[in-house]
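A short write-up of the structure that comes next.
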Amino acid sequence: MSACKCEEDSRIHDIKNRIRVVPNFPKPGIMFQDITTLLLDHKAFKNTIDLFIERYKGKNISVVAGIEARGFIFGPPIALAIGAKFIPMRKPRKLPGEVISEEYVLEYGTDCLEMHVGAVEPNERALVVDDLIATGGTLCAAIRLLERVGAEVVECACVIELPELKGRERLNGKPLYILVESY
C-alpha cells in the first residue's frame, strides 16, 4: 500500500485542509508545504498521528527513525503508541558521541544524516518518518543508514508527497505510506 487508502476518511480531508502552501518560500518557484498550520489544530494533528498509529500498531516495529527536523514532530508519538524506540536522524555535528553517517545528493551539493552508533541493532524492524517526500534523497539516506547497521526498513511514512518530483521512484521499491498528495 503506497498511499492512504482512506481517502474517504474525513480525517484525511481535514488534514489536507490544515496544510498551508506558501508560494516562493524559501526561494522563488518553491511552493512550500507548511505543516505548522496542521500542528495548530490539535484535532487535525491528533488525526494525523492516529492514522499512522492505526497502520503500524501490531506490525512488530521496534524502531521509529525520525528525520530532522519535522520527522521529530511525528515520529516520537508514533513510537510511543506502538511500543518502539525513537531514533533521531540528524544533520552533521548535532549528536554527541559516536555516530554513523550517510551522505546524500541535493539539487545543488550534498548533505548528510547521522545517528548514534549502537542505537539500532541488527534485524530490528524500522519505520522511517518525515513530514514530506519530495525528491526522496533524505529518505534514501535514512534507509541506507539503517540497512548499513542491519535493520530491516519496513516502510517509510510521510504526511505529504509531492508526486511530480518522483521521490517515490528513488526508494527502489521500499514501501512508502503517505496521507496527502500535493501538486
Between OG1 on residue T138 and CG on residue D111, distance to nearest 0.5 Å | 7.5 Å

Enter the distance from L171:CG to K166:NZ here, rounded to the nearest 0.5 Å.
-> 13.5 Å

Who are the side-chain contact (heavy atoms from CB on, under 4.5 Å) partners of L39, not counting sequence neighbours?
-> I35, F45, I73, F74

Each residue besides M31 in its hydrophobic cluster should be listed here, by chain and number; the cluster joins Ile, Leu, Val, Met, Phe, Trp and Tyr at side-chain heavy-atom distances under 4.5 Å.
-> V21

Apply salt bridge (Lys or Arg N to Asp or Glu O under 4.0 Å) to the pair K43 and D14, showing each step before the final yes or no.
-> CA-CA 9 Å; K43 183 179 175 190; D14 190 42; 5.5 Å; no

Check salt bridge (Lys or Arg N to Asp or Glu O under 4.0 Å) between K46 and all other residues, then give those that pass, not counting sequence neighbours.
-> D50

Looking at I49 and P77, what are the two nearest heavy atoms and their distance?
-> CD1-CG, 3.7 Å

For V99, the rest of its hydrophobic cluster, which grows through side-chain links under 4.5 angstrom = L95

Heavy-atom pair of closest approach, residues A84 and V64 = CB-CG2, 4.0 Å

Only pairs at least two apart or in different chains count here, so list each salt bridge (charged side-chain N to carboxylate O under 4.0 Å, His left out) that has a residue in residues 77-88.
-> K85-E124

State plainly whether one hydrophobic cluster holds both V128 and L80, where clusters connect Ile, Leu, Val, Met, Phe, Trp and Tyr through side-chain heavy atoms under 4.5 angstrom apart.
-> no

Cluster link L179 to L165, ILVMFWY, side chain under 4.5 Å | yes

Residues 114-123 vs side-chain hydrogen bond (donor to acceptor under 3.5 Å, both in side chains), sequence neighbours excluded, gives S101-E114

With sequence neighbours excluded, tell me which residues meet salt bridge (Lys or Arg N to Asp or Glu O under 4.0 Å) with R125.
-> E152

For R144, all residues meeting side-chain contact (heavy atoms from CB on, under 4.5 Å), sequence neighbours excluded | E102, Y104, C140, A141

CD of E161 to CD of E181, rounded to nearest 0.5 Å, is 5.5 Å

Close side-chain approach of Y177 and C156, heavy atoms under 4.5 Å = no

To the nearest 0.5 Å, tell me how far I178 CD1 sits from I160 CD1.
-> 9.5 Å

Exceeds 12 heavy-atom contacts within 6.0 angstrom, atom CD of E98 | no

Which pair of non-hydrogen atoms, one from A65 and one from F86, has the smallest distance, and what is that distance?
-> C-CE1, 4.4 Å

Heavy-atom distance under 4.5 Å between the side chains of I87 and V120, does that happen here?
-> yes

Under the salt bridge (Lys or Arg N to Asp or Glu O under 4.0 Å) test, which residues partner K174, sequence neighbours left out?
-> E147

Which residues satisfy the side-chain contact (heavy atoms from CB on, under 4.5 Å) test with E103, sequence neighbours excluded?
-> T110, C112

Take N47 and I12, measure what side-chain contact (heavy atoms from CB on, under 4.5 Å) needs, and give me the verdict at the end.
-> CA-CA 8 Å; N47 286 338; I12 295 295; over 6 Å; no

Is a salt bridge present between R55 and E155, judged by a nitrogen-to-oxygen distance below 4.0 Å?
-> yes

Can you list every pair that meets salt bridge (charged side-chain N to carboxylate O under 4.0 Å, His left out) and has a residue in residues 61-81, with sequence neighbours left out?
-> E68-R90, R70-D131

Shortest non-hydrogen contact between I15 and A44, atoms and distance = CG1-O, 3.8 Å

Separation of F32 CZ from S182 OG (nearest 0.5 Å) = 11.5 Å

Is there side-chain contact between L51 and R11, with at least one heavy-atom pair below 4.5 Å?
-> yes

Where is the tightest heavy-atom contact between A81 and I53, given as atom of each residue plus distance?
-> CB-CD1, 3.3 Å

Do L176 and I133 come within less than 4.5 Å of each other through their side chains, counting heavy atoms only?
-> yes

Starting from the C-alpha separation in whole Å, work towards a yes-or-no answer on side-chain contact (heavy atoms from CB on, under 4.5 Å) for L132 and C158.
-> CA-CA 5 Å; L132 179 139; C158 297; 5.7 Å; no

So which pairs with a foot in residues 30-42 pass salt bridge (charged side-chain N to carboxylate O under 4.0 Å, His left out), sequence neighbours left out?
-> R18-D41, R20-D34

Decide yes or no for I100 and L145: does some side-chain heavy atom of the first lie under 4.5 Å from some side-chain heavy atom of the second?
-> yes

Straight-line distance of E54 CD to I82 CD1, nearest 0.5 Å | 13.0 Å

How far apart are the closest heavy atoms of A157 and Y56, and which atoms are they?
-> CB-OH, 3.5 Å

So if you build clusters from Ile, Leu, Val, Met, Phe, Trp, Tyr with side-chain heavy-atom gaps below 4.5 Å, do I30 and L162 land together?
-> no

